[in-house]
Amino acid sequence: MQADSIVLGAGIVGVSVAVHLQMRGRATVLVDRRGAGEETSYGNAGLIQREGVMPHAFPQDLGELFRYGLNNRTDMHYHLDALPRIAPFLARYWWNSRPDNYRRVVETYAPLIAQSINEHAPLIERAGAGHLIEKKGWYLLYRDKARQDEGYLKAEGLRRDFGIGSAELSSDEMHKVEPGLGIPLEGALHWTDPWSIRDPGRLVVKYRELFEQLGGVVVNGDALNLQQGSSGWRLPVADGVLEAREAVIALGPWAGDLTSRLGYRLPLGVKRGYHMHFGQPAAQPLSNWILDTSYGYLLTPMARGIRLTSGAEFALRDAPSTPVQVDRDEPHARELFPGLGRRLEAEPWRGARPATPDMMPIIGPAPSHKNLWFAFGHAHHGITLGPVTGRLIAEMVTGETPFVDPTAFSAARFM
């Protein structure tokens with residue numbers, strides 16, 4: 001089988017890359033060992049985070065670090081036996097989160113985030129996926145005043161520096177928005193710009209269907225078998241051998257498996273996360289995406305029910321599940337939203353967010369291989385930045401002028 005481009009990985013990033021290449025006339029084959037959106041892209045909180053210009057930083061305060069070290073938090077959990085393996089990644093993550101370094105990261109990252117909704121919008125329209133989208137922002141809920149004051153101050157800075165829309169709400173105002181809330185609050189913050197997705201996995205499927213409508217081909221195959229040939233790249237797939245001029249690695253948390261085999265030593269890590277679906281109450285159902293800032297979990301009204309999404313877990317990617325955060329979060333969630341129904345799954349779902357120590361994705365050409373491209377490492381913002389990354393990669397592959405300067409996202413920064 002001959003093609004112009006091979007895209008490895010059918011999550012939100014890979015599917016978006018494939019769509020953009022196909023729209024530019026590249027005969028593209030999308031390869032995955034499973035269906036579209038069945039791994040990390042399936043289980044996220046379903047937010048297109050236009051406000052997310054500040055990626056999740058590593059704590060700097062010694063007291064906070066000590067509290068995290070006790071490993072009894074709801075917003076973060078770690079595997080003690082994994083620390084020797086992941087310590088180098090965590091050390092670099094901590095260093096890049098220091099104030100001066102972090103400020104530079106935010107300034108570099110903001111132009112990508114600024115385009116997130118602009119790039120999703122045309123794909124949503126062409127894919128006929130508007131029924132999956134809500135355009136009413138999301139909410140941070142505050143139980144204590146100090147945390148609220150800090151949140152309001154941050155929001156003011158984002159309005160001033162990046163034009164991010166937000167509104168402050170009193171406890172009574174928030175209870176009018178969500179009548180099912182069960183406790184008084186200090187207040188709430190409404191991020192007004194983001195869009196939300198009622199079924200993230202289904203959105204990826206709709207983008208894949210758009211790719212096929214454009215003439216793209218989807219096949220099953222093992223990306224680790226990718227080989228460099230005399231005139232491009234080749235990959236054994238179910239129907240034979242696929243050959244193409246260029247290949248794009250968009251394998252999310254599995255990207256390191258292939259890049260390591262090709263000789264790269266990129267400092268990639270994972271942030272694992274869990275979710276559980278609960279029943280919606282018939283009276284006063286949850287209708288908005290809400291984050292309990294005291295405990296770090298998110299409640300979202302998904303097609304399947306109310307999805308409780310946990311914070312981050314630092315562990316080896318394939319280590320057995322330890323969904324203690326979901327168990328710790330559930331009592332707080334029931335206090336906040338008493339109508340939360342029964343669990344709808346036997347076990348929490350687990351996924352792994354692909355992460356870099358400087359909190360920015362890797363987007364651009366492979367430093368040591370011709371016609372090989374990298375598109376991974378988006379951490380918490382994979383669903384947000386999928387179409388942005390797709391357009392950026394496609395423009396570089398086809399020789400167009402990139403609509404965002406990609407220099408800072410090159411893998412060369414780690415070489």
Side-chain angles (χ1 to χ4, degrees), residues 1-42 204-205 207-266 268 317-318 352 354 362-377 382 386 389-400 411:
M1 182 188 302
Q2 296 289 327
D4 295 324
S5 307
I6 301 170
V7 178
L8 302 169
I12 183 62
V13 174
V15 171
S16 298
V17 170
V19 167
H20 274 279
L21 286 169
Q22 193 69 30
M23 285 195 301
R24 286 162 173 77
R26 282 292 208 272
T28 302
V29 178
L30 180 64
V31 182
D32 203 300
R33 61 186 178 184
R34 299 183 64 182
E38 294 185 11
E39 295 282 4
T40 308
S41 296
Y42 165 78
V204 181
V205 170
Y207 285 2
R208 186 216 70 206
E209 291 173 351
L210 171 61
F211 168 66
E212 292 177 301
Q213 291 165 13
L214 292 167
V217 176
V218 181
V219 301
N220 290 113
D222 186 348
L224 292 183
N225 293 323
L226 183 71
Q227 301 169 0
Q228 189 172 25
S230 58
S231 59
W233 296 91
R234 61 197 314 273
L235 178 72
V237 293
D239 298 329
V241 177
L242 172 61
E243 296 183 335
R245 180 168 59 247
E246 61 246 349
V248 182
I249 299 176
L251 293 170
W254 296 275
D257 295 352
L258 180 52
T259 56
S260 295
R261 194 178 67 78
L262 294 171
Y264 296 94
R265 296 294 178 264
L266 301 173
L268 301 175
R317 184 191 63 200
D318 300 324
I362 297 174
I363 306 171
S368 303
H369 290 81
K370 184 179 179 181
N371 293 329
L372 182 66
W373 302 83
F374 292 164
F376 49 81
T389 303
R391 178 177 171 182
L392 194 54
I393 286 286
E395 289 176 340
M396 287 189 281
V397 167
T398 58
E400 300 174 48

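Any value given below was found using the heavy atoms of this structure, including those in side chains, with hydrogens, waters and symmetry copies removed. Quantities reported herein were computed from a predicted structural model and do not represent experimental measurements.
- With sequence neighbours left out, the side-chain hydrogen bond (donor to acceptor under 3.5 Å, both in side chains) criterion links Thr389 to His378.
- Evaluation of the ring-ring contact (aromatic ring centres under 6.0 Å, His included) test over residues 209-228, restricted to residues two or more places apart or in two chains, returns none.
- Rounded to the nearest 0.5 angstrom, His20 NE2 and Leu214 CG are separated by 10.5 Å.
- Once rounded to the nearest 0.5 Å, the distance linking CG of Leu372 with CD1 of Ile249 reads 4.5 Å.
- Between Trp373 and Val17, every side-chain heavy-atom pair lies at or beyond the 4.5 Å cut-off.
- Note that the CZ atom of Arg245 and the CG atom of Asn371 stand 7.5 Å from one another [nearest 0.5 Å].
- Applying the salt bridge (Lys or Arg N to Asp or Glu O under 4.0 Å) test to pairs two or more places apart or on separate chains, none has a residue in residues 363-374.
- Between Leu210 atom CG and Ser16 atom OG the span is 10.0 Å, to the nearest 0.5 Å.
- Legend: residues meeting side-chain hydrogen bond (donor to acceptor under 3.5 Å, both in side chains) with Arg34, ordered by chain and number and at least two apart, are Glu38, Glu39.
- When the side chain to side chain contact (heavy atoms under 4.5 Å, CB included) test is applied to Gln228, the partners found at least two apart in sequence or on another chain are Trp233, His369.
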For residues 1-11, dump all side-chain donor-acceptor pairs below 3.5 Å to protein atoms at least two apart in sequence or in another chain.
unit_1	atom_1	unit_2	atom_2	d
Gln2	NE2	Glu243	OE1	2.7
Asp4	OD2	Ala27	N	2.8
Ser5	OG	Glu246	OE2	2.5

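- Nearest approach of Leu30 to Gly14, heavy atoms of both residues: CD1-O, 3.9 Å.
- Between Ala352 and Pro253, the shortest heavy-atom contact is O-CG, 3.4 Å.
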Sequence neighbours excluded and cut-off under 3.5 Å, please list the side-chain donor-acceptor pairs for residues 254-261, or say none.
unit_1	atom_1	unit_2	atom_2	d
Asp257	OD1	Arg317	NH1	3.4
Asp257	OD2	Arg317	NH1	3.1
Asp257	OD2	Arg317	NH2	3.1
Thr259	OG1	Ala255	O	3.1
Thr259	OG1	Gly256	O	3.4
Ser260	OG	Gly256	O	2.8
Arg261	NE	Leu224	O	2.9
Arg261	NH2	Leu224	O	2.9
Arg261	NH2	Leu226	O	2.4

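- Here the closest heavy-atom approach between residue Ala411 and residue Ile362 is recorded as CB-CG2, 3.7 Å.
- Listed by chain and number, the residues in a side-chain hydrogen bond (donor to acceptor under 3.5 Å, both in side chains) with Ser368 amount to none (sequence neighbours excluded).
- The side-chain hydrogen bond (donor to acceptor under 3.5 Å, both in side chains) pairs that include a residue from residues 212-222 are Arg208-Glu212, where partners are two or more places apart or lie in different chains.
- Rounding to the nearest 0.5 angstrom, the gap separating the CD1 atom in Ile363 from the CG atom in Leu392 is 5.5 Å.
- Remark: Arg234 pairs with Gln227 by the side-chain hydrogen bond (donor to acceptor under 3.5 Å, both in side chains) rule, at least two apart or across chains.
- A pairwise comparison of heavy atoms in Tyr264 and Ala366 identifies OH-CB, 3.4 Å as the closest pair.
- Across all their heavy atoms, Arg26 and Thr398 have their closest contact at NH1-CG2, 3.9 Å.
- Nearest heavy atom pair, residue Met396 against residue Gly364, reads CE-CA, 3.7 Å.
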